[in-house]
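First the structure, in the form of C-alpha cells, and then the observations on it.
This is a predicted model, so every value here is computed, not measured. Reckoned from all heavy atoms, side chains included, excluding hydrogens, waters and symmetry mates. Numbering of residues begins at 1 and proceeds along the displayed sequence.
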Amino acid sequence: MCAVTGQQLCYEDVAVGDQMPALTVAVDETQMFFFSAATYNGHRIHYDKDWARSVEGYDDVLVHGPMQAALLARALGDWIGGRGRLVSFSVQNRAIAYPGQRLTFGGHVTAKRLADDGAALVELDIAGRRDDTVLMPGTATVCLPRRGTPS
C-alpha cells in the first residue's frame, strides 16, 4: 500500500510532469543523536553546539547529509508503495540544514519508459529543500508495477 494514497501506485498512474507528494519534517536533536549512533557517525558537528559554533563557524549543529538523503528516499518509498522498487538514487549535498527547520523532500516525473526486460521505469528529478533553498538535488529511477500484473 502506498502510504500517501492508500493504494498501490502503478506505472499507468503517472505522467511526465507529475509531482510526487512531498514529505515535510522538522528534524530534532534527538533524531540526530540516534542517526549518529545508528550510522556510527561521531562527528561533533552533529551533536556539539559549542564545537559547531566555535570551531566550525555554524550557528548550530547540522542535520546530517545522509539523514536528509534517507528522508528523500523515504518520500520516494512512501510514493511508490510496497510493490514499487527503487532502481537508482543519486543526490548531492549542497546546503546546510539546522535542527527544527522545516525541510521538504519530493520530486517530479521527468520520463517514463519500458525497459527491454519489461520493467516499467519512471525517472524523477528529486530534491530536499528548506523553503526555496535546494539542499540536496538529485535523480531517481523507480520501477512500478503495471496494472493487471500479479502481486
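Under the 4.5 Å side-chain heavy-atom criterion for Ile, Leu, Val, Met, Phe, Trp and Tyr, F34 and Y47 are members of distinct hydrophobic clusters. Connection of V25 to M67 is established within a shared hydrophobic cluster, with ILVMFWY side chains joined at heavy-atom distances below 4.5 Å, either directly or through further cluster members. In the hydrophobic clustering of this structure, F105 groups with F35; members are Ile, Leu, Val, Met, Phe, Trp, Tyr whose side-chain heavy atoms approach within less than 4.5 Å, directly or through other members. Under a hydrophobic clustering in which Ile, Leu, Val, Met, Phe, Trp and Tyr are joined whenever their side-chain heavy atoms come within less than 4.5 Å, directly or via other members, L76 and V109 fall into the same cluster. Under a hydrophobic-cluster definition in which Ile, Leu, Val, Met, Phe, Trp and Tyr are linked whenever side-chain heavy atoms come within less than 4.5 Å, directly or via other members, L103 and F89 are assigned to the same cluster.
Between the NZ atom of K49 and the OG atom of S54 there is a distance of 13.5 Å, given to the nearest 0.5 Å. Expressed to the nearest 0.5 Å, how far CG of L62 lies from CD of E56 amounts to 8.0 Å. A distance of 10.0 Å separates CE of M32 from CG of N41, quoted to the nearest 0.5 Å. Rounding to the nearest 0.5 Å gives a distance of 11.0 Å between OG of S36 and CD of E29. With rounding to the nearest 0.5 Å, the separation of CG in L144 from CG in L9 is 5.0 Å. Interatomic distance, CZ of R44 versus CH2 of W51, reported as 5.0 Å (0.5 Å rounding).
Of the charged side-chain nitrogens involved, at least one lies within less than 4.0 Å of a carboxylate oxygen, so that R113 and E123 count as a salt-bridged pair. Using a cutoff of 4.0 Å between basic side-chain nitrogens and carboxylate oxygens, K112 and E12 are not scored as salt-bridged.
A distance-only check finds a donor-acceptor pair linking the side chain of H43 to the backbone of I45 [under 3.5 Å]. In this structure a side-chain-to-backbone donor-acceptor pair under 3.5 Å is present from Q8 to I80. One N or O on the side chain of D28 and one on the backbone of T30 form a donor-acceptor pair closer than 3.5 Å. Looking at D13, its side chain does come within 3.5 Å of a backbone N or O of C10 through a donor-acceptor pair.
The shortest heavy-atom contact between L135 and R130 is CD2-NH1, 3.2 Å. The heavy-atom pair separating L114 from G118 by the smallest distance is CD2-O, 4.4 Å. Annotation for L23 and A75: closest pair CB-CB, 3.8 Å, computed over non-hydrogen atoms. Heavy-atom minimum distance, M136 versus G65: CE-O, 3.3 Å. Contact between H108 and Q19 at its shortest, heavy atoms only, is CB-NE2, 3.4 Å. Residue Y11 comes nearest to L121 through the heavy atom pair CE1-O, 3.5 Å, listed as atom of the first residue, atom of the second, then distance.
In this structure the side chain of V91 never reaches within 4.5 angstrom of the side chain of P137, judged on heavy atoms. A 4.5 Å side-chain heavy-atom check between D60 and P99 finds at least one atom pair inside the cut-off.
Atom CZ of R53 is surrounded by more than 12 heavy atoms from other residues, nucleotides or ligands within 6.0 Å. Heavy atoms from other residues, nucleotides or ligands lying under 6.0 Å from CG of D117 number more than 12.
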Next on the checklist: Walk me through whether V134 and R129 qualify under side chain to side chain contact (heavy atoms under 4.5 Å, CB included).
Outcome noted: CA-CA 5 Å; V134 175; R129 300 176 187 275; 2.9 Å; yes
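Taking the six-membered ring where tryptophan is involved, the planes of Y58 and Y98 are perpendicular, since the angle between them exceeds 60° and thus also 30°.
L71 pairs in a side chain to side chain contact (heavy atoms under 4.5 Å, CB included) with only one of the listed residues (V63, T24, V27), which is V27. Applying the side chain to side chain contact (heavy atoms under 4.5 Å, CB included) test between V142 and each of L124, V87, V14 identifies L124 as the sole match.
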